[in-house]
*Asks:* 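Sharing a structure, written as structure tokens. Questions coming.
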Amino acid sequence: MYNAIDKLPLGAKIEAKRIVVTGGAGYIGSHTCVELIKQGYEPIIVDNFCNSPITNIDAIEKITGVRPKVYEIDVTRNLSNIFKLSNIVAVIHFAGLKAVGESCEKPMEYLRVNVGGTINLLQHMQIANVKNIVFSSSATVYGDINNPPFTETMPLSAVNPYGTSKIMCEEIIKVACEYQGVRAAALRYFNPINAHDSGLLPEKPIGRPNNVFPIIEMSAQNRTIMSVFGNDYDTPDGTCIRDYIHVCDLALGHIKALEYLENVEDGSFEPINLGTGHGMSVLELIEGYKKAKNTDVFYEFAPRRQGDIASCYADVSKAKELLDWQTERAPI
Ligand code: UD1
């Protein structure tokens, strides 16, 4: 007697597909874990909690009703115990350091963690015969040598050690694809913002936030004045343009990438932009936030921030074509 769907003996337990999620307690990682659980996967979180609160795990449980398994360990360490688990079908690799300014102060630390962590993970994948990896890359790999909209075929260039680490990780993953039979999607995120509707997973970095969205939220909550860096760019209102994407849409892109990798040949490597395809200025973002949250945001103009480019937004046709994914929500 067989279970009609899975051809398993009747009464046999159907195991959920396990996904190792490094950095699964972080901002994008936790939103992705919520989505994984909703879609019937079992996320196995690997995180050292260096930039994310343990309360994010409680939040995942509150939202989904399932408490994910968590290994509190650095991604550069020995992960054999984790990879001994049965039924691991893929890895989603978020773990890494991501503050651009800090990467200029501690370049080797950024390379050690981001590049070293990726190599370590790929070695464990080879031993455990896990083939599929979704990598958390960034639009920063397009550097300052290209004009938007950015397409995946453009040449890459780094403008800071954080960017260098992302380009190096993509290159290393490509080697694993070619020689180890790995199948990879390097998802190049544009600017993820906002949070799950429950309000339980806000972007709360430990220490001072660097990214504009949590800074806008802080200004609204604490009634402090934020700086808008530069109002003399060659853009319609003089402030920088970015492709802000709702983090829940971004999370869904990872599920689509997992499904996509199940059907590609060994050795396949694809970089894929995840964005809305539309640019929004810093002032438009602030106005959008004020309207959406019915609140005030106080700002003043400040000099340009070193390393910022005027305009950055995605060509999203490859994500649509390969993943059948596009954003569904307004970012704000
Ligand atoms: C940066 C990185 C990107 C990384 C992302 C998330 C680069 C070029 N970009 O994106 O790779 O994935 O962070 O960590 O390395 N702004 C203000 N006031 C503030 C803060 C920001 O006006 O207090 C402006 C910035 O000048 C920029 C926009 O807001 O125009 C977005 O800044 P931010 O959120 O830091 O993201 P990016 O720099 O685009």
Side-chain angles (χ1 to χ4, degrees), residues 23 26-29 51-52 94-105 107 110 114 135-146 148 150 156-170 186-194 203-220 222 224-247 250 271 273-276 279-289 297-314 331-332:
Y27 170 53
I28 307 173
N51 192 32
S52 46
F94 293 106
L97 301 174
K98 62 163 193 171
V100 172
E102 188 187 52
S103 81
C104 302
E105 288 154 26
Y110 269 64
N114 293 6
F135 174 62
S136 172
S137 191
S138 164
T140 195
V141 298
Y142 295 112
D144 56 2
I145 56 169
N146 298 295
F150 296 131
L156 306 186
S157 118
V159 287
N160 51 60
Y162 164 74
T164 307
S165 78
K166 290 292 174 190
I167 294 176
M168 287 177 79
C169 288
E170 285 199 13
L187 303 182
R188 295 178 178 163
Y189 310 148
F190 283 70
N191 289 60
I193 60 166
N194 227 319
E203 183 179 9
K204 273 231 166 87
I206 290 170
R208 224 191 101 69
N210 296 298
N211 294 116
V212 70
F213 195 77
I215 288 174
I216 292 175
E217 286 192 307
M218 238 172 51
S219 159
N222 305 344
T224 49
I225 301 171
M226 66 169 283
S227 298
V228 171
F229 297 135
N231 62 345
D232 57 351
Y233 285 98
D234 186 15
T235 60
D237 66 19
T239 66
C240 289
I241 288 178
R242 296 288 181 271
D243 185 338
Y244 296 101
I245 166 176
H246 196 294
V247 67
L250 192 68
N273 290 340
L274 295 188
T276 64
M280 189 188 281
S281 75
V282 179
L283 289 185
E284 284 172 331
L285 180 66
I286 292 174
E287 287 312 315
Y289 184 90
V297 174
F298 307 96
Y299 65 85
E300 60 191 11
F301 291 114
R304 291 181 178 198
R305 187 175 68 175
Q306 204 194 345
D308 276 341
I309 55 172
S311 184
C312 168
Y313 53 93
I332 180 75

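Remember, it's 1-based here, ligands and their atoms both numbered in the order they're listed.
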*Asks:* If I compare all heavy atoms of Ile145 with all of Ser157, which pair ends up nearest, and what's the gap?
*Replies:*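 Heavy-atom minimum between the residues: CD1-CB, 3.6 Å.
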
*Asks:* Which protein non-hydrogen atom lies closest to atom 39 (O) of ligand 1, naming both residue and atom, and how far is it?
*Replies:*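 Atom 39 (O) of ligand 1 sits closest to the protein heavy atom Arg242 NE, 2.7 Å.
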
*Asks:* Between Asn194 (side chain only) and Pro331 (backbone N and O only), is there a donor and an acceptor less than 3.5 Å apart?
*Replies:*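 Flag set: sc Asn194 to bb Pro331 pair under 3.5 Å.
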
*Asks:* What protein heavy atom is closest to atom 38 (O) of ligand 1, reported as residue, atom name and distance in Å?
*Replies:*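 Of every protein heavy atom, Arg305 NH2, 2.8 Å lies nearest to atom 38 (O) of ligand 1.
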
*Asks:* Is there a donor-acceptor pair closer than 3.5 Å between any side-chain N or O of Arg188 and the backbone N or O of Gly275?
*Replies:* no

*Asks:* Could you pull out the closest heavy-atom pair between Ala302 and Ser227, with the gap in Å?
*Replies:* CB-CB, 3.8 Å

*Asks:* If only atom types and distance count, is the side chain of Asn114 paired as donor or acceptor with the main-chain N or O of Leu97 below 3.5 Å?
*Replies:*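 Yes; judged by distance alone, with no hydrogens or angles, the pair exists.
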
*Asks:* At what distance is the nearest protein heavy atom to atom 15 (O) of ligand 1, and which residue and atom is it?
*Replies:*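 The closest one turns out to be Thr140 OG1, 3.1 Å.
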
*Asks:* So, Asn210 side chain and Ala99 main chain: donor-acceptor pair closer than 3.5 Å or not?
*Replies:*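 No.
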
*Asks:* Which atoms of ligand 1 are found less than 4.0 Å from any heavy atom of Val100?
*Replies:* 2 (C), 15 (O)

*Asks:* Count the heavy atoms of every other residue, nucleotide or ligand shown that sit under 6.0 Å from CD1 of Ile206, and state whether that count exceeds 12.
*Replies:* yes

*Asks:* Could you list which atoms of ligand 1 come closer than 4.0 Å to a heavy atom of Ser138?
*Replies:* 3 (C), 11 (O), 12 (O)

*Asks:* Which residue supplies the protein heavy atom nearest to atom 18 (N) of ligand 1, what is that atom called, and how far is it?
*Replies:* Ser227 O, 2.7 Å

*Asks:* Got the closest protein heavy atom to atom 24 (C) of ligand 1, with its distance?
*Replies:*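 Here the closest protein heavy atom is Val282 CG2, 3.9 Å.
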
*Asks:* Which protein heavy atom lies closest to atom 25 (C) of ligand 1, and at what distance to 0.1 Å?
*Replies:*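 Result: Asp308 OD2, 3.5 Å.
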
*Asks:* Can you check whether Ile332 reaches Tyr244 side chain to side chain, under 4.5 Å on heavy atoms?
*Replies:* no

*Asks:* If we count only N and O atoms by modelled type, under 3.5 Å, do the side chains of Glu102 and Tyr110 hold a donor and an acceptor together?
*Replies:*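 Glu102 vs Tyr110: donor-acceptor pair found between side chains.
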
*Asks:* Considering both backbone and side-chain atoms of Val212, is one of its nitrogen or oxygen atoms within less than 3.5 Å of a nitrogen or oxygen in ligand 1?
*Replies:* yes

*Asks:* At a 4.0 Å threshold, what atoms of ligand 1 neighbour a non-hydrogen atom of Cys240?
*Replies:* 30 (O)

*Asks:* In terms of residue, atom name and distance, what is the protein heavy atom nearest to atom 5 (C) of ligand 1?
*Replies:*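 The closest heavy atom on the protein side is Asn211 ND2, 3.7 Å.
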
*Asks:* Report, in ascending order of atom number, the atoms of ligand 1 lying under 4.0 Å from any heavy atom of Tyr244.
*Replies:* 28 (C), 29 (O), 31 (C)

*Asks:* Which ligand 1 atoms are under 4.0 Å away from a heavy-atom of Asn210?
*Replies:* 20 (C), 35 (O)

*Asks:* Got more than 12 heavy atoms from elsewhere within 6.0 Å of CG, Asn222?
*Replies:* yes

*Asks:* Given side chains that start at C-beta, do those of Met280 and Tyr313 come closer than 4.5 Å, heavy atoms only?
*Replies:*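 With C-beta onward as the side chain, the pair stays apart.
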
*Asks:* May I ask you to list the atoms of ligand 1 that are less than 4.0 angstrom from any heavy atom of Val228?
*Replies:*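 Within the 4.0 Å cut-off of Val228, ligand 1 contributes 22 (O).
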
*Asks:* Looking at Asn273 and Phe150, would you say the former's side chain and the latter's main chain have a donor-acceptor pair under 3.5 Å?
*Replies:* yes

*Asks:* side-chain hydrogen bond (donor to acceptor under 3.5 Å, both in side chains) with Glu170: which of Ser138, Ser165, Ser137?
*Replies:* Ser137

*Asks:* For ligand 1, is Gly163 a contact, meaning one of its heavy atoms is under 4.0 Å away?
*Replies:*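 No, Gly163 has no heavy atoms under 4.0 Å from ligand 1.
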
*Asks:* Side chain or backbone of Phe213 under 4.0 Å from ligand 1, or both, or neither, by non-hydrogen atoms?
*Replies:*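 Neither; no heavy atom under 4.0 Å.
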
*Asks:* Which of the numbered atoms in ligand 1 are under 4.0 angstrom from any heavy atom belonging to Lys98?
*Replies:* 14 (O)

*Asks:* Is ligand 1 under 4.0 Å from a heavy atom in the side chain of Ile215, in the backbone, in both, or in neither?
*Replies:*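 The side chain, only.
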
*Asks:* Identify the protein heavy atom lying closest to atom 20 (C) of ligand 1, giving its residue, its atom name and the separation to 0.1 Å.
*Replies:*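 Checking every protein heavy atom, the shortest distance to atom 20 (C) of ligand 1 gives Phe229 CE1, 3.6 Å.
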
*Asks:* Non-hydrogen atoms of Tyr189 versus ligand 1: any pair closer than 4.0 Å?
*Replies:* no

*Asks:* So which of Asn160, Leu285, Asn191, Asp144 gets nearest to atom 36 (O) of ligand 1, if we judge by its closest heavy atom?
*Replies:*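 Nearest option to atom 36 (O) of ligand 1, by heavy atoms: Asn191.
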
